[in-house]
Enquirer: 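Sending over a structure as structure tokens; questions will come in a sec.
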There are 2 protein chains.
Amino acid sequence: MKKVKGDTQIIAPFQSHKHDHEQCVADALAAAEICCKKEGLSFTPLRRLVLELVWSSHGPIGAYDILEKLRDSRRNAAPPTVYRALDFLMEHRLIHRIESLNAYVGCGDPERHHGGQFLICRDCHAVAELDDKAIGRAVSRRADALGFDVQQQTVEVIGLCAECTAETSNG
Amino acid sequence: MKKVKGDTQIIAPFQSHKHDHEQCVADALAAAEICCKKEGLSFTPLRRLVLELVWSSHGPIGAYDILEKLRDSRRNAAPPTVYRALDFLMEHRLIHRIESLNAYVGCGDPERHHGGQFLICRDCHAVAELDDKAIGRAVSRRADALGFDVQQQTVEVIGLCAECTAETSNG
DNA sequence: ATTCCTAGTGTTATAACATATCATATATTC
DNA sequence: GAATATATGATATGTTATAACACTAGGAAT
Ligand SMILES: [Zn+2]
Ligand SMILES: [Zn+2]
Ligand SMILES: [Zn+2]
Ligand SMILES: [Zn+2]
């Protein structure tokens, strides 16, 4: 996933179905290393491995799917093993949780603080991560009008990505 | 819950902590009766009771909490009893599911088609249901720009409602 | 009226997701 | 190196949701 400097609205775009995902994973891990070093966090092998598994998935992945893969290298991993790593990664914004799927996805830009806005393809499970100011503002405006003090936003949009739409209509 | 004709943006506003909730429940059940009759749906006693339990709760309520209350009158109710009723109610838009809470809440206007946008108070668990065009447009605009075909939106905002904010700051 | 079908519910079991608790190991700090 | 804090191991349990099959009541078709 490549950052697009200057465009503060798209944290992570949809990737072509054929892109080099190995590179995405490598980049994300490198970014996480830097991020953790900068904040003095202990990015242990276990946490690193869980992050790698999350990124390796083609889309949001469930905790128990992570667990299953994790057991390839850590035979006695148990649910808490995974959930503790996920908690760490979420706390430090290296991953996000997709509430509507009970699943986790790598964050496209851990260094920037942002709420989660996601477009999720029902077909290929690709995810685009946004930090769309217009959406945020629209929410804030309505909340303000009602005297509501916003603490956390969840915006998850399910649908079909451009590639899948094309493939479907070409059939 | 009173409908505000002319304002198409707020499906169901926050209610005062002291409002007559019995009346909300009664109104909602009456609306559901009409809605089901109009569409030729069988609004059975079980489904009616589950809807009543959802509405009776002060905020979003979990399936197993519904189950527990349901057992007061239906001793051998089991999870499928509840989930089947919830499925029916959701399919016909009489309730919504709050993804971020794994909980269910009565719909403030079942006759109008709308996506779910919710403000949820962390303190008193009150929920305001919106159909804010500005939010919807902001999402659509960004989705269109990415060639994404939106099928379903989840917008759930956690925070503090006006009354709770006031109570908190007053001490 | 008998047969057939369907929608709704009952019943049991299990899948899927998440946390509590206590023990052990491994780093940091002094 | 002892004390402390952090991380992980291990076991059990809690919470949310669905699968699978049986039974019933009521309407349509013959
Ligand atoms: Zn990729
Ligand atoms: Zn797709
Ligand atoms: Zn509604
Ligand atoms: Zn409140």
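Here is how names work: the chains are called A, B, and so on, in the same order as the sequence lines, proteins then strands, and each is numbered from 1.
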Enquirer: Relative to the ring of Tyr104(A), is the ring of Tyr83(A) parallel (under 30°), tilted (30 to 60°) or perpendicular (over 60°)?
Expert: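 Perpendicular, since the angle between the ring planes exceeds 60°.
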Enquirer: Starting at atom CD of Glu99(A), determine the distance to atom P of dT15(D), rounded to an integer number of angstrom.
Expert: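 Answer to the nearest Å: 18 Å.
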Enquirer: Over how many whole Å does the gap from Leu46(B) atom CG to dG10(C) atom C1' extend?
Expert: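 Rounded to whole Å, this separation is 11 Å.
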Enquirer: State which residues pass side chain to side chain contact (heavy atoms under 4.5 Å, CB included) with Ser73(B); sequence neighbours excluded, sorted by chain then number.
Expert: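 In terms of side chain to side chain contact (heavy atoms under 4.5 Å, CB included), with neighbours along the sequence ignored, Ser73(B) is linked to Leu49(B).
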Enquirer: If I take atom CE in residue Met90(B) and atom C1' in nucleotide dA17(D), what distance separates them, rounded to the nearest angstrom?
Expert: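 For the pair Met90(B) CE and dA17(D) C1', the rounded distance is 11 Å.
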Enquirer: Side-chain contact, heavy-atom cut-off 4.5 Å: Cys161(A) with Leu119(A)?
Expert: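 They are not in side-chain contact.
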Enquirer: Could you encode protein contacts along nucleotides 15-21 of chain C as a string, one character per nucleotide from 5' to 3', using B for base contact, S for sugar-phosphate-only contact and - for no contact, with a heavy-atom cut-off of under 4.0 Å?
Expert: --BBBBB
Enquirer: Can you confirm whether Glu33(B) sits close enough to Arg48(B) that some side-chain heavy atom of one is under 4.5 Å from a side-chain heavy atom of the other?
Expert: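 Yes, side chains in contact.
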Enquirer: Of His17(B), His21(B), Gln23(B), which is the lone residue that meets side-chain hydrogen bond (donor to acceptor under 3.5 Å, both in side chains) with His19(B)?
Expert: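 Answer to the side-chain hydrogen bond (donor to acceptor under 3.5 Å, both in side chains) test with His19(B) among His17(B), His21(B), Gln23(B): His21(B).
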Enquirer: Atom CD1 of Ile98(B) and atom P of dA17(D): how far apart are they, to the nearest Å?
Expert: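 After rounding, the gap between these two atoms is 13 Å.
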Enquirer: With sequence neighbours excluded, tell me which residues meet side-chain hydrogen bond (donor to acceptor under 3.5 Å, both in side chains) with Ser42(A).
Expert: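 Residues passing side-chain hydrogen bond (donor to acceptor under 3.5 Å, both in side chains) with Ser42(A): Arg47(A).
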Enquirer: Can you tell me if CD on Glu39(B) sees more than 12 non-hydrogen neighbours from other groups inside 6.0 Å?
Expert: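 Yes - once you tally the heavy atoms of other residues, nucleotides and ligands closer than 6.0 Å, there are more than 12.
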Enquirer: Scan side-chain atoms only and decide if Asn102(B) and Arg97(B) contain a donor-acceptor pair under the 3.5 Å cut-off.
Expert: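 Arg97(B) and Asn102(B) do have a side-chain donor-acceptor pair below 3.5 Å.
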Enquirer: With the side chain counted from C-beta on, respond yes when His114(B) and His96(B) share a heavy-atom pair under 4.5 Å apart, and no when they do not.
Expert: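 A side-chain contact exists here, since the closest heavy-atom pair is under 4.5 Å.
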Enquirer: By a strict heavy-atom criterion of less than 4.0 Å, which residues belonging to residues 32-44 of chain A are in contact with DNA chain C?
Expert: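 Within residues 32-44 of chain A, no residue comes under 4.0 Å of DNA chain C.
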Enquirer: Could Lys133(B) and Asp131(B) be called an ion pair, given the rule that one side-chain N must be under 4.0 Å from one carboxylate O?
Expert: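 So Lys133(B) pairs with Asp131(B) through a salt bridge.
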Enquirer: With sequence neighbours left out, write down each residue that passes salt bridge (charged side-chain N to carboxylate O under 4.0 Å, His left out) with Lys38(B), or none if nothing qualifies.
Expert: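 For Lys38(B) the salt bridge (charged side-chain N to carboxylate O under 4.0 Å, His left out) partners, ignoring immediate neighbours, are Glu111(B).
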Enquirer: If you take any heavy atom closer than 4.0 Å to DNA chain C, which residues from residues 66-78 of chain B end up in contact?
Expert: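 Contacting residues: Arg74(B), Asn76(B), Ala78(B).
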Enquirer: To the nearest angstrom, how far is Arg47(A) atom CZ from dA27(C) atom C1'?
Expert: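 Checked: the CZ to C1' distance equals 12 Å.
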